[in-house]
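So the structure is just underneath, and the comments pick up after that.
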Amino acid sequence: MFSRFFIDRPIFASVLSIVITLAGGIALFTLPVTQYPEITPPTVEVSAVYPGANAQVVADTVAAPIEQQVNGVEDMMYMSSQCTNDGVYRLTVTFHPGTDLNLAQVLVQNRVALAQPILPPLVTRRGVTVKKKSPSVLMIVNLFSPDGSRDNLYLSNYATIQLRDELSRLAGVGDISFLGQRDYSMRVWLDPERMSVRNLSASDVVTAIEQQNAQVAAGQIGQPPAPHGQVFQYTMSTLGRLTDDEQFDQMILRTGTDGRIIRIRDVARSELGALGYDQICTLDGKPSVALSVYQLPGSNALKTADSVKQKMDELKGRFPSGLDYAIVYDTTPFIQESVNEVFYSLRDAVILVAIVVLVFLQGWRAAVIPLVAVPVAIVGTFAAMAASGFSLNTLTLFGLVLAIGIVVDDAIVVVEAVEHHIEEGMAPRDAAIQAMDEVSGPVIAVGLVLSAVFVPCAFISGIVGQFFRQFALTIAISTVISAFNSLTLSPALAVLLLKPRSQGHGDAVPRFGWLLGFAWAGFAWGTSWLAPNLPTLAAKWAAAITDHAAWGAALPGLAAKWTPDLVSYSPWAAAVAGGVLGWFVSRPGNALLGWFFRVFNRGFAIVTRGYAGSVGLLMRGSVVVLLVYFGLLYATYELFNRTPTGFIPAQDKGYLLVDVRLPDSASLDRTAEVVRQVEELAGRAPGIRHTVAIAGQSVLLGANAANFGTVYLMLDDFEQRAGRDLTGDAIAHRLKTQVDDVVQDAVVNVLGAPPVDGLGTAGGFKIVIEDRGDGSLSALQSVGQNIVDEGNTTSGLASVFTSFRADTPWLYLDVDRTAAKQMGISMTEVFNTLQVYFGSLYVNDRR
């Protein structure tokens, strides 16, 4: 018999359980911590910039060639792109869940390379980037100047040079992007009138800069082959790329036959400015530059956030004067809160199981065996989770909470069976052998049946399968370990621990057990309450003694000095105090337990007789019982159909998102003013701690435009928002009402966080309308607007909108091509001049 081998070898059974527990304990520290499993489909982003081009030009010259090549890449689910009037193109390629993201990036990169030869030269010069990217922002690091001595240009370049590379190298950081980025750039502002007087074109200036601002490889003097006896070999250098505005001003554009020289300063103005001015970022209304940190898929969110915070604290030590940083947007507190709540549930479940086992088995010896089996099965599951690529998330931990009630049952069955035979006079070893002959089959059957219930969930496809797979397999794994444990460790411990006793009499808990129990309770109380509140208590006690005793004048200083040490040692001090208390209450505690067990047995006997009697009564009226049963089935069916359905319920994650949309072609200054008004209203609203605002970008739409704006609202900590009027939804509704009364020049929506990070940028849902015919953009906009109008009149929907615009005001330049040709002007020269004067032309890099 399988179990008899371990009954005769309890040390071997214990070693197996210890190995399982150690493996799980070690794996626990390697598992990534996330809110949910990796259910978000992996994505690869392709981005390019065509300065000066509008959305239609970008769609025709950049989007079309790239998407024709990328379409159909292996394991692709779908792709979506955006072309905006600032010349920015973004293509997001979404792959099937479980696809290797590194391989997906390489496949997309290869496809994009096929399209690059036919892209506009300016686009290829600026570069087409292909990145694997998590679609959700983990945290935002805001760089600002408290005294206003540093402008946004300095902040942006300091972040680019000193911070971005440092943070990008951290484990778990997938990408870093900027909000309000203004990289240093040498801008040459041309004067059309001066250019015309001197008969110069924009192409002349561009050509001169390309020729005179270039890196030079000057070579060497005296390098081999050289005449015999060459003594020295010198490496030469010369001025290639220029560094400051004076050097650019001195650049020669043309020399006349009379020796007259025309320089850039004669027709233009050079200055060290920003590459772009199309975004304005603020923190609590103050100028700022923000670094959005994206998490690498599959990494530990909490560890990544902690490493970013530690690195920023380290980098702050070398900040120049007038510079500081703040991390106000951080999604990890909600993740930590969610994981902590499940851990608390796990702890409470173990405590409840311990109480129930102790009450019903009424002996510490019998209670120890199931309580030992629980951690072996639960902790051992972590090893299987690590081997399967799972993470610590709310679903896997909740699965362990449910598994506690399952795994403890197997051990209880074994203990009760062994105790039953011991009460009949058998020796513990013989009783264990007899009991395992009887219950081994049922224990194995229960494990197989429960596994058969949950294992099929591993074969569910799609996002739903990804969502529930880890939850189901966690329960199945813990059940299998529990069944193995019940066949090995539980009967071995039963032989060692269980002793004959009179029926109805429990075992007194030894003093050492009381000591350990109270010590653990003291440590838990010291960690959860005493340590966090000790600084406040110490300050109050010192102040109170100082007010009533002259000798206490030095106490406030001493309290401030010793408080950090007291906080670190307070949980251990509470554990020692609890252990001492447990030692002294052991005897009265055992007496109280004995009295409680007697009362419980009498009450349980009465309830058992009442239950048996009620069952007998119901058996006589079986027809009525069946009618009630079918009535309950019908009520369940009706309630199931009437209950609102959804994927994942919306949750208060500690932040809100405000989307600001002004009329088409509104200027950036108008948008910045509306964003400022929203910030002011949010700053006065209760429950809102910080605001991060961006004018010129819509995070919700993932697009840049002068008439778009976004405001992140960071709410107070969860413990400070206990009332119903301070929940995320309540704050959003109240702020929306205030904004609608004050802001008349824009459409403002206040949205909650997405239930799952990465599946959307805000709460709610998105519908994509696809034109499969040959319709016009105006017709597509009309259909979209009809859906929006219908949605806003539908019960249960609110703030339905579309960002698609086919009638954005544009200025059409009707170029007379015939006249241009007759004047000897090429169309390339015309278009190049338009781009230089009204857009911006990237020439090359400066030093």
Side-chain angles (χ1 to χ4, degrees), residues 1-25 350 353-380 404 407-444 447 478 481-517 519-520 582 586 590 593-594 597:
M1 185 180 65
F2 181 78
S3 297
R4 183 168 183 172
F5 175 85
F6 295 98
I7 291 173
D8 294 333
R9 297 167 180 82
I11 296 179
F12 184 62
S14 301
V15 169
L16 289 179
S17 297
I18 291 173
V19 170
I20 293 174
T21 307
L22 285 177
V350 172
V353 165
I355 293 174
V356 170
V357 169
L358 183 62
V359 168
F360 279 89
L361 298 183
Q362 298 183 2
W364 71 270
R365 296 176 182 273
V368 163
I369 299 173
L371 294 180
V372 169
V374 169
V376 173
I378 298 301
V379 177
I404 290 175
V407 301
V408 76
D409 287 343
D410 293 337
I412 290 176
V413 168
V414 173
V415 171
E416 288 184 335
V418 174
E419 275 205 326
H420 172 71
H421 291 294
I422 290 177
E423 289 176 355
E424 292 181 348
M426 296 180 67
R429 179 180 179 278
D430 297 333
I433 294 174
Q434 180 66 27
M436 295 312 298
D437 286 338
E438 298 170 353
V439 302
S440 292
V443 167
I444 296 174
S478 61
I481 296 176
S482 172
F484 175 79
N485 205 39
S486 299
L487 298 175
T488 57
L489 181 64
S490 295
L493 290 179
V495 174
L496 297 176
L497 293 178
L498 297 183
K499 305 296 181 184
R501 60 174 178 169
S502 302
Q503 188 172 5
H505 291 78
D507 294 328
V509 179
R511 272 192 164 184
F512 187 70
W514 287 93
L515 185 148
L516 288 180
W520 178 83
S586 58
N590 279 323
L593 280 178
F597 288 154

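By convention here, the first residue in the shown sequence is residue 1. Hydrogens, waters and symmetry mates play no part in the numbers below; they use all other heavy atoms, side chains included.
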Item to check | Worked check of side-chain contact (heavy atoms from CB on, under 4.5 Å) between V408 and V356 | outcome: CA-CA 11 Å; V408 76; V356 170; over 6 Å; no

Checklist entry - Quick one: CG on L489 to CD1 on I20, what's the gap to the nearest 0.5 Å? => result 9.0 Å

Next on the checklist: So does I378 get a backbone contact from the side chain of S478, meaning a donor-acceptor N/O pair under 3.5 Å?
Outcome noted: no

Next on the checklist: Nearest 0.5 Å, please: how far is NE2 in H420 from CD in E438?
Outcome noted: 7.0 Å

Checklist entry - Under the salt bridge (Lys or Arg N to Asp or Glu O under 4.0 Å) rule, what pairs show up with a residue in residues 481-492, not counting sequence neighbours? => result none

Could you go through residues 7-17 and list every donor-acceptor pair under 3.5 Å that involves a side-chain atom there, pairing it with any protein atom two or more places apart or in another chain?
residue, atom, partner, partner atom, Å
D8, OD1, R429, NE, 2.9
D8, OD1, R429, NH2, 3.1
D8, OD2, R429, NH2, 3.4
R9, NH1, F5, O, 3.3
S14, OG, P10, O, 2.9
S17, OG, A13, O, 3.4
S17, OG, N485, OD1, 3.1

Next on the checklist: If the condition is side-chain hydrogen bond (donor to acceptor under 3.5 Å, both in side chains), which residues does T21 pass it with, not counting sequence neighbours?
Outcome noted: none

Checklist entry - Excluding sequence neighbours, so at least two apart, what forms side-chain hydrogen bond (donor to acceptor under 3.5 Å, both in side chains) with S482? => result D410

Item to check | Nearest heavy-atom neighbours spanning P491 and A432 | outcome: O-CB, 4.3 Å

Item to check | V368: side-chain contact (heavy atoms from CB on, under 4.5 Å) partners, not counting sequence neighbours | outcome: W364, V372, L497

Checklist entry - Taking only residues two or more places apart in sequence, or in another chain, which ones meet E416 in a side-chain hydrogen bond (donor to acceptor under 3.5 Å, both in side chains)? => result none

Checklist entry - Could you walk me through whether S490 and V415 pass the side-chain contact (heavy atoms from CB on, under 4.5 Å) check? => result CA-CA 8 Å; S490 295; V415 171; 5.8 Å; no

